Protein chains: 2
Amino acid sequence: MTDQSLPLSDSQTVDQAVLLQSIGYSCLQTYLAIVPELKKQLATLGLRPVEYTILSVVKRNSGITQKRLGETIKVSPPNLATVLDRMEQDGLLARQRNPLDKRSQVLVLHSRGTLLCDQAEAVVAEAEALPQLSEAERHTLLGLLQKIFLPTQP
Amino acid sequence: MTDQSLPLSDSQTVDQAVLLQSIGYSCLQTYLAIVPELKKQLATLGLRPVEYTILSVVKRNSGITQKRLGETIKVSPPNLATVLDRMEQDGLLARQRNPLDKRSQVLVLHSRGTLLCDQAEAVVAEAEALPQLSEAERHTLLGLLQKIFLPTQP
DNA sequence: TATTGTTATACTCTATAACTATA
DNA sequence: TATAGTTATAGAGTATAACAATA
């Protein structure tokens, strides 16, 4: 039943042929290569990656609803509620009832949130400086990724 | 303390300026855009993404040790052990003591594992056909990602 | 009746520490 | 003493269902 075979020698490089044709796999591996340093740097500011993401979006889109925020960063409503509870308690932002539609809540940063976001953005930019890529390559890469995940507006 | 502001109108697109300069963020978002369909397709074969990844690597690298497998696909030893238990019970592969170093175990697929891997690779290739990218763009993208996460061999 | 958001909860993934066996 | 792998367990992240308030 079991195929017999010799152990793969240490000198042979691992063949990932088919997997390396997968954009999903390659994106995940790239993410995993980058994220530990990112987490470490954000942790020095008391932030997790999601929290940084939320700060960055709300800073530029003050008054955004939770619904739109969640759709943009792909966090489900129940999970977003939990993170926002934590951030609100930490005094980073506030939820305000939308006067135009009292079902929804709009988000605004406190000054502490804005300040922390600025620091975080600087720290992240540094952690993301990848010597493997030229500026042109970096630009190309970001453009191609966004072609996949950003909704095309008609 | 809290900045006052009008709700963000629905017609305005969400400004993600700084985040979109982040390769980590863009990789994660791309991964999240691709993975649900991938999971769905693999589930029809009774496989999760990790299991598919393991099958694909072991198929091409019969006799690979758990250590090298784990390093390649970035799964820690304890977590790898758990997944391999499941896959061994499902009759997909076997662990064999390495005759050259009895501390380590080498992995080989059963014929059922090989068969399932072939089916899975076909299914994944289909789920990953992204109409947003040309073949050339796809090739460029994969090359740039691999420049980041693949170890450069001297 | 549909939508926004919350609560509670379960499930999966990932991370850490302590252990066995081999070297 | 160091390494490969395992076990147990804790923690973070993600998913689902039921609910309240508003439209």
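It should be emphasised that the depicted structure is a prediction, and the values quoted were computed from it without experimental measurement. Below, read A as the first sequence line, B as the second, and so on, with proteins coming before strands; counting in each chain starts at 1.
If you take NZ of B:Lys39 and C1' of D:dA15, they are 9 Å apart, rounded to a whole angstrom. Rounded to an integer number of Å, the gap from B:Ile73 CD1 to C:dC13 P is 13 Å. For the pair B:Leu84 CG and D:dT6 C1', the interatomic distance rounds to 11 Å; values are reported in whole Å. Whole-Å rounding puts the A:Ile64 CD1 to C:dG5 P distance at 10 Å. The CG-P distance, from B:Leu32 to D:dT14, rounds to 8 Å in whole Å. One atom, NZ of A:Lys67, and another, P of C:dT3, lie 8 Å apart when rounded to the nearest Å. Rounding to whole angstrom units, CG of residue A:Leu28 and P of D:dG13 are separated by 16 Å. Straight-line distance from the CE atom of A:Met87 to the C1' atom of C:dG5: 17 Å, rounded to whole Å.
The minimum heavy-atom distance between A:Arg68 and B:Gln12, with the atom names listed, is NH2-O, 2.7 Å.
A side-chain donor-acceptor contact under 3.5 Å links A:Gln146 to the backbone of B:Leu20.
Nearest to the side chain of A:Lys102, among D:dG5, C:dA23, D:dT22, sits D:dT22. Distance from the side chain of A:Ser76 is smallest to D:dA15 among C:dT6, D:dA15, C:dT14. For A:Asp101, the side-chain atoms get nearest to D:dA23 when compared with the rest of D:dA23, D:dT7, C:dT7. Across D:dA21, C:dT6, D:dA8, the shortest atom-to-atom separation from the side chain of B:Pro78 is found for D:dA8. Closest to the side chain of B:Gln66, out of D:dT6, D:dA4, C:dT4, is D:dT6. Here D:dT7 is the nucleotide among D:dT7, D:dA23, C:dG5 with the atom lying nearest to any side-chain atom of B:Ala81. Side-chain proximity of A:Arg48 to C:dC13, D:dA12, D:dA23: nearest is D:dA12.
Using modelled atom types and a 3.5 Å distance limit, the side chains of B:Ser56 and B:Glu121 yield a donor-acceptor pair.
Map A:Arg86 and B:Leu80 each onto its nearest nucleotide of DNA chain D; the residue landing nearer the 5' end is B:Leu80. Residue whose closest nucleotide on DNA chain D sits further toward the 5' end, between A:Asn98 and B:Pro77: B:Pro77.
For B:Asn79 and C:dA15, a side-chain-to-base donor-acceptor distance below 3.5 Å is present, hydrogens and geometry of angles not being considered.
Between B:Arg103 and the phosphate of D:dA2, there is no side-chain N or O to OP1/OP2 separation shorter than 4.0 Å. Not one side-chain nitrogen or oxygen of B:Gln105 sits closer than 4.0 Å to the OP1 or OP2 atom of C:dA21.
Atom CD1 of B:Ile54 is separated from atom CZ of B:Arg48 by 10.5 Å, given to the nearest 0.5 angstrom.
By the 4.0 Å N-to-carboxylate-O rule, A:Asp118 lies close enough to A:Lys59 to be salt-bridged with it. Between B:Glu51 and B:Lys39, none of the side-chain N atoms (NZ, or NE/NH1/NH2) sits under 4.0 Å from a carboxylate O, so this pair counts as no salt bridge.
Within 4.0 Å of B:Asp85, counting heavy atoms only, lie sugar-phosphate atoms of the nucleic acid but no base atom. Within 4.0 Å (heavy atoms only), B:Arg68 reaches no atom of the nucleic acid at all.
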